Every structure is written in C-alpha cells, then in structure tokens.
**Student:** 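The structure follows.
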Protein chains: 2
Amino acid sequence: MPGGRPRAFDPDAALDRALEVFWRQGYEGTSLADLTAAMGVNRPSLYAAFGNKEELFAKALDRYVGGPGAFAAEALTAPTVREVIERLVEGAVELTTGADTPHGCLNVNSVHACGPGSATAREAAIACRMAGETALRRRFEEAPDLPPGHDPGVLARLVHTVTDGIAVQAASGRTREELREVAALALRTLLPA
Amino acid sequence: MPGGRPRAFDPDAALDRALEVFWRQGYEGTSLADLTAAMGVNRPSLYAAFGNKEELFAKALDRYVGGPGAFAAEALTAPTVREVIERLVEGAVELTTGADTPHGCLNVNSVHACGPGSATAREAAIACRMAGETALRRRFEEAPDLPPGHDPGVLARLVHTVTDGIAVQAASGRTREELREVAALALRTLLPA
DNA sequence: CTAGTTGTGTATCGATCGGTATGAAACTAG
DNA sequence: CTAGTTTCATACCGATCGATACACAACTAG
C-alpha cells in the first residue's frame with residue numbers, strides 16, 4: 001500500500017491562512033473562493049484535506065484557541081484571582097487589536113453567524129466559549145483568595161462579559177490604546193484596593 | 001395625477017417583520033427570500049417600497065433604535081450617573097433576552113457582518129453605535145455627580161463595553177436570569193457604595 | 001517496466017444569491 | 001366608459017454559492 005502523489009501545500013500553513021480569512025470576514029462572509037485563494041489550494045484538494053466548509057472552520061477554530069487565543073487558558077494558571085482577571089482582560093485587548101491580525105475575536109464573531117446555514121459553525125463557537133467560561137468558574141471555585149461575597153459563577157460570567165465587550169469594541173474600530181484604558185478602568189472597578 | 005392601485009400591505013408592519021428577521025438571522029444570514037416570506041410582500045414590491053437589501057436594513061436599524069433600543073437614549077435622561085448606568089445595563093439585559101424577540105442585539109450582531117458584501121450595513125451599525133456612545137460621554141461630561149477621578153469618555157466606553165458583552169452573552173444562549181446576576185454584579189463593582 | 005494509489009487542475013453541477021423586466025390588476029380623474 | 005398611474009405577481013436575469021466528476025500527474029511497491 002504505497003503513498004501516491006505528494007501534497008503541493010503545507011496543511012498547517014494553509015489552515016493558518018483559512019483561520020485568518022475566517023477571523024477577518026466571519027464564517028458567513030467567507031466563501032470557498034476566498035478560502036482557496038488565500039490558502040493557495042485548489043477546491044478539491046481543500047475538500048480532501050479538510051472536509052467541507054464547516055469542518056474547515058472547526059479546525060480553524062481549534063487552531064485559534066490553541067494559538068492566538070491560548071492566553072485565555074494560560075491566564076488560569078496565574079497565582080491570584082486578581083492576576084487571572086488581569087491577564088484575561090488585558091489579553092483580550094491585545095488579541096483583538098493586533099496590528100497584523102484582524103480586529104475582533106473569531107469566537108465572538110462566530111456567535112453572530114446566525115443564518116440558516118451557519119448553525120453548526122455557530123454551535124461550535126458557543127461550545128468553545130462555554131468550555132472556557134466553565135474553566136474560569138472552576139478556577140474561581142478553587143481559589144482561596146476569591147473576594148468574599150462573590151459567587152464564582154457570576155464573577156466568571158462577568159469577566160467573560162467584559163472580554164466579550166472588548167472584542168465587540170475592537171471589531172467596531174476601537175484602537176488598542178482606547179481599549180487599554182477601558183481594560184484598566186474595568187480592572188480598577190472589578191478589583192478595588 | 002391620481003393614485004394608482006393601493007398597497008396590499010402595511011409598510012410599517014412589514015418593516016417590523018424585516019427587523020425581526022435581521023435581528024434573528026443577522027444581515028448576512030438573511031436572504032431576500034427570508035425577507036419576502038416574513039414580510040408577506042413580493043420581491044418587486046419590497047424593492048419599490050424600501051430600495052434594496054442595504055436600504056431595508058438601514059430602515060430596520062432605525063426602527064430598532066427608535067423602538068426596542070429606545071431605552072438607551074431614554075436612560076440618558078435619568079437624574080444621576082448611577083441611574084443612567086443602571087438603566088443602560090439592566091435595559092441591555094431585558095432587550096437582548098426578550099421572550100418574544102430574538103436573543104442578542106441587532107446592532108452588536110451587525111458589527112460582525114464583515115463579509116465583502118456587507119460593508120455598508122456594518123458601517124451603518126458602527127455609526128449608530130458611535131452616536132450612542134458619544135451621547136453617553138456627553139451625558140457624563142455634563143454630570144455634576146460624576147465620580148471624581150473618572151474620565152467621562154473612558155467611563156462611557158466601559159459601560160458600552162459591558163452592554164456589548166451582555167449582548168454577546170445573550171446571543172450565545174445565556175438566560176435572562178443569568179444575565180441579571182451579571183448586571184447586578186457589574187453595577188455593584190462599577191458603582192460601589 | 002507495470003500496477004496501484006493519491007493529489008492536482010479544470011470544468012461543471014444544481015441551488016441560491018440579490019435584483020428586474022414585463023404585463024395584468026386595481027385604483028383615480030375626467 | 002376611457003386614460004393615466006401605481007402596485008402586484010410571475011417569471012427570469014447573470015453571478016455566485018458550496019460541493020464534485022473526471023482525467024491527468026506524481027509518487028511507491030513490486
């Protein structure tokens with residue numbers, strides 16, 4: 001059972017290009033023609049390597065979470081609750097206002113792909129978001145330094161809400177500096193003293 | 001110069017139906033077929049009455065701001081800064097988690113219509129958002145009770161960021177009760193004492 | 001070399017996209 | 001009644017959508 005003709009493209013590099021297009025144009029706003037052009041891959045090769053548009057998006061989303069969005073999981077390893085929140089909020093600003101990346105968050109973006117043919121992609125994004133928020137809640141539940149009177153679930157949800165808002169602001173044109181001010185104020189109010 | 005055949009539909013009611021579809025499915029996720037079906041209007045009649053898809057969306061967005069989203073402008077008339085923020089944040093929860101309306105915010109939704117053919121709709125939504133945030137900043141600038149040490153622009157941006165985040169959370173399935181808890185905590189931290 | 005396997009390139013599939021041409025229907029003015 | 005005006009309804013436009021059929025190219029095993 002021999003191997004046939006070798007691939008003319010690097011699947012990982014092609015997936016990175018696909019991620020960039022989805023990130024910039026959204027799931028619904030991205031066509032197969034956009035993808036093949038950006039990836040430098042012909043249509044049949046794309047389908048053979050990645051399945052269909054939905055599956056390619058799911059793979060790109062995985063790559064996003066493990067790459068540009070990895071700061072979110074890493075933030076949970078910070079020693080204090082304060083530092084966890086700091087790294088999440090400030091990381092959200094940096095992620096969504098990068099000079100060389102599209103503005104906004106692929107995940108937040110994809111939640112709003114709510115057309116009839118986008119249910120699968122949208123649900124993948126929502127599942128991914130839920131997992132992140134659950135992990136944050138768990139982190140707070142086991143934190144000895146959680147401010148008294150705070151419910152871990154509600155606090156996790158509020159932090160997530162703020163990072164979501166930052167992503168929306170970035171997608172609507174706010175600059176990195178403007179959002180750094182917002183993040184700083186949010187941290188001052190969330191974590192007084 | 002007489003009047004010809006009378007309209008077989010009510011333009012305002014039809015616009016409300018269009019608004020509901022755009023709200024639920026997003027600009028990119030809504031097709032002309034979806035619109036004509038929901039509005040009960042044939043395609044040529046739709047174009048004659050509302051222009052094209054972009055113009056129909058702009059009219060629906062206006063109706064949204066003046067209807068379901070009117071609480072935002074009305075909140076600015078509250079006597080105190082605290083009350084302004086309260087009404088904005090709590091109003092965002094109610095707006096985006098209505099039992100008889102789509103979950104999420106049409107305006108936040110439309111910011112993420114970033115495909116090649118959606119630039120006009122997206123820019124309309126962004127302009128609308130900017131106007132709202134500017135009005136909020138003005139309200140804070142002229143407030144005698146603004147907490148000292150707060151920049152009106154940054155505070156307005158943070159409040160807007162929180163309401164944006166609430167919209168994202170609602171769009172991704174959070175319930176009204178869950179978001180009411182988030183809103184309450186946000187208000188407690190934003191406005192201590 | 002030949003047989004078998006896999007990827008590439010072109011050309012195309014039916015469905016749907018946003019947008020219209022066309023003519024009949026329903027009204028008013030005279 | 002007729003003439004003029006506006007809307008309605010069908011049927012259709014070219015373009016694009018996501019997804020494939022098919023033949024050829026490039027490789028390995030024997």
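From a predicted model like this one, the values you see are computed outputs, not experimental measurements. A note on names: the letters A, B, ... follow the listed sequences, proteins ahead of strands, and every chain is numbered from 1.
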**Student:** D/dA26, C/dA26, D/dC8: which one has an atom nearest the side-chain heavy atoms of B/N42?
**Tutor:** D/dC8

**Student:** Between D/dT7 atom P and B/F9 atom CZ, what is the distance in whole Å?
**Tutor:** 8 Å

**Student:** On the 0 to 90° scale, with breaks at 30° and 60°, tag the A/F50-A/F9 ring pair as parallel, tilted or perpendicular.
**Tutor:** tilted

**Student:** So how far is it from B/L190 CG to A/L185 CG, rounded to the nearest 0.5 Å?
**Tutor:** 7.0 Å

**Student:** One thing to verify: whether B/R180 and B/E90 come together as a salt bridge, which I'm taking to mean a side-chain N less than 4.0 angstrom from a carboxylate O.
**Tutor:** no

**Student:** Could you tell me how far apart B/R7 (CZ) and D/dC8 (P) are, to the nearest whole angstrom?
**Tutor:** 7 Å

**Student:** Which label fits A/W23 and A/Y64: parallel for a plane angle under 30°, tilted from 30 to 60°, or perpendicular past 60°?
**Tutor:** perpendicular

**Student:** In this structure, how many angstroms lie between the P atom of D/dT7 and the CZ atom of B/F50, rounded?
**Tutor:** 12 Å

**Student:** Across the strands shown, which category fits B/A8 at heavy-atom distances under 4.0 angstrom: base, sugar-phosphate, nothing?
**Tutor:** sugar-phosphate

**Student:** May I ask you to say whether B/E141 pairs ionically with B/R137, meaning some side-chain N is under 4.0 Å from a carboxylate O?
**Tutor:** yes

**Student:** Could you check whether B/T161 and B/D164, counting side-chain N and O atoms only, form a donor-acceptor pair closer than 3.5 Å?
**Tutor:** no

**Student:** Go along nucleotides 12-21 of chain C 5' to 3' and tag each nucleotide: B for a protein heavy atom under 4.0 Å from its base, S when only backbone or sugar atoms are that close, - otherwise.
**Tutor:** -----SBBBB

**Student:** Report the distance from atom CZ of A/R5 to atom C1' of C/dT6, rounded to the nearest whole Å.
**Tutor:** 9 Å

